[in-house]
J.: 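After the structure tokens below, expect a handful of questions from me.
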Amino acid sequence: RAALTAGHARDVDLWPSDGHLNDPTRAPVPAAVLIAVTDRALPGIILTQRPETMRNHAGQIAFPGGRVDPEDAGIVAAALREAHEEIALAPHLVHVIGETDTYSTITGFAVTPVIGVVPPDVAYRASVGEVDAIFEVPLAFLLDPANHRVQALEHEGRKRQFFEITWRERRIWGATAAMLVNLSRRLAW
């Protein structure tokens with residue numbers, strides 16, 4: 001657990017955003033995600049897959065999380081609330097380590113990842129309409145720079161680069177992959 005917070009003050013090359021925000025005149029909307037690390041000999045990270053029917057982010061792999069609501073007591077509270085709503089992870093089961101680098105998305109969100117350790121065998125339950133699947137990926141695999149691929153595509157006339165991590169049949173890309181790459185860089189010795 002100490003390794004997750006020890007590297008935070010180090011100066012590392014991070015991937016801070018998806019690129020140009022849609023409307024730079026508007027302040028980004030605060031959001032939080034939970035990077036739930038399983039407490040086992042070979043830890044993993046809990047991820048979700050969004051339904052193909054969602055209007056935004058259809059089918060994408062994501063951390064549990066979302067917008068910070070006015071009634072939330074802060075970033076950590078928002079991440080825990082969203083994880084409870086999306087995957088039925090009870091907040092008291094999460095040992096919060098702390099926050100890590102905020103990531104700005106092209107859709108106008110400033111997403112702060114909250115790192116927490118969870119028991120290894122929690123019975124998760126997917127929120128209908130928000131989550132199609134809940135799965136665990138080995139932490140070592142996700143943090144290994146050899147698994148981080150930079151991809152590119154053209155969007156609205158601009159070439160955009162993004163990270164992609166492929167684990168089995170799952171394609172983890174965009175903001176989720178970038179936050180994992182940033183965490184990997186933070187933890188690198």
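For reference, positions follow the sequence shown, starting with 1.
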J.: So how far is it from Ile45 CD1 to Leu180 CG, rounded to the nearest 0.5 Å?
T.: 5.5 Å

J.: Between Ile165 and Trp173, does a side-chain contact (heavy atoms from CB on, under 4.5 Å) hold up when you go through it step by step?
T.: CA-CA 6 Å; Ile165 303 168; Trp173 67 284; over 6 Å; no

J.: Mind checking what makes side chain to side chain donor-acceptor pair (under 3.5 Å) contact with Thr38, not counting sequence neighbours?
T.: Arg40, Glu136

J.: State the CG-NE2 distance between Leu93 and His84, to the nearest 0.5 angstrom.
T.: 9.0 Å

J.: Given Leu183 and Ile35, is the side-chain contact (heavy atoms from CB on, under 4.5 Å) satisfied, shown in steps?
T.: CA-CA 10 Å; Leu183 182 60; Ile35 299 179; 4.3 Å; yes

J.: Kindly indicate, with the supporting measurements, whether the criterion side-chain contact (heavy atoms from CB on, under 4.5 Å) is fulfilled by Ile172 and Leu47.
T.: CA-CA 9 Å; Ile172 305 161; Leu47 292 168; 3.8 Å; yes

J.: How many angstroms lie between atom CZ of Arg171 and atom CZ of Arg149, to the nearest 0.5 angstrom?
T.: 13.5 Å

J.: Identify, with sequence neighbours excluded, every residue that meets side chain to side chain contact (heavy atoms under 4.5 Å, CB included) alongside Ala88.
T.: Arg125

J.: For residues Leu89 and Val118, determine if any side-chain heavy atom of one lies less than 4.5 Å from a side-chain heavy atom of the other.
T.: yes

J.: List in chain and number order the residues that pass side chain to side chain contact (heavy atoms under 4.5 Å, CB included) with Arg170, two or more places apart in sequence or in another chain; answer none if no residue qualifies.
T.: Gln49, Ile61, Ala133, Phe135, Trp167

J.: Is there a donor-acceptor pair closer than 3.5 Å between any side-chain N or O of Thr105 and the backbone N or O of Phe109?
T.: yes

J.: Going by the rule side chain to side chain contact (heavy atoms under 4.5 Å, CB included), which residues pair with Val96 if we only count those two or more places apart in sequence or in a different chain?
T.: Val76, Leu80, Val94, Val114

J.: Which atom names give the shortest non-hydrogen contact between Ala73 and Ala77, and what distance separates them?
T.: N-CB, 3.6 Å

J.: Taking Phe63 as the fixed residue, which of Leu34, Ile46, Thr176 is the one that meets the side chain to side chain contact (heavy atoms under 4.5 Å, CB included) rule?
T.: Thr176

J.: Do Val150 and Phe162 have side chains that get closer than 4.5 Å, going by heavy atoms?
T.: no

J.: Without placing hydrogens or testing angles, list every side-chain donor-acceptor pair under 3.5 Å for residues 137-147, not counting sequence neighbours.
T.:
residue, atom, partner, partner atom, Å
Asp144, OD1, Ala146, N, 2.9
Asn147, ND2, Phe141, O, 2.9

J.: Got a sec, which pairs hit salt bridge (Lys or Arg N to Asp or Glu O under 4.0 Å) with one end in residues 77-87, sequence neighbours left out?
T.: Arg50-Glu86, Asp69-Arg81, Asp72-Arg81, Arg81-Glu85

J.: If you take all heavy atoms of Ala78 and Val68, which pair is closest and at what distance?
T.: CB-CG2, 3.8 Å

J.: What are the two closest non-hydrogen atoms of Met179 and Pro113, and how far apart are they?
T.: SD-CG, 3.5 Å

J.: Can you see which heavy atom on Pro64 is nearest to which on Ile87, and at what distance?
T.: CG-CD1, 3.7 Å

J.: Determine whether a donor-acceptor pair (N or O, by modelled atom type, separation under 3.5 Å) exists between the side chain of Thr48 and the backbone of Ala62.
T.: yes

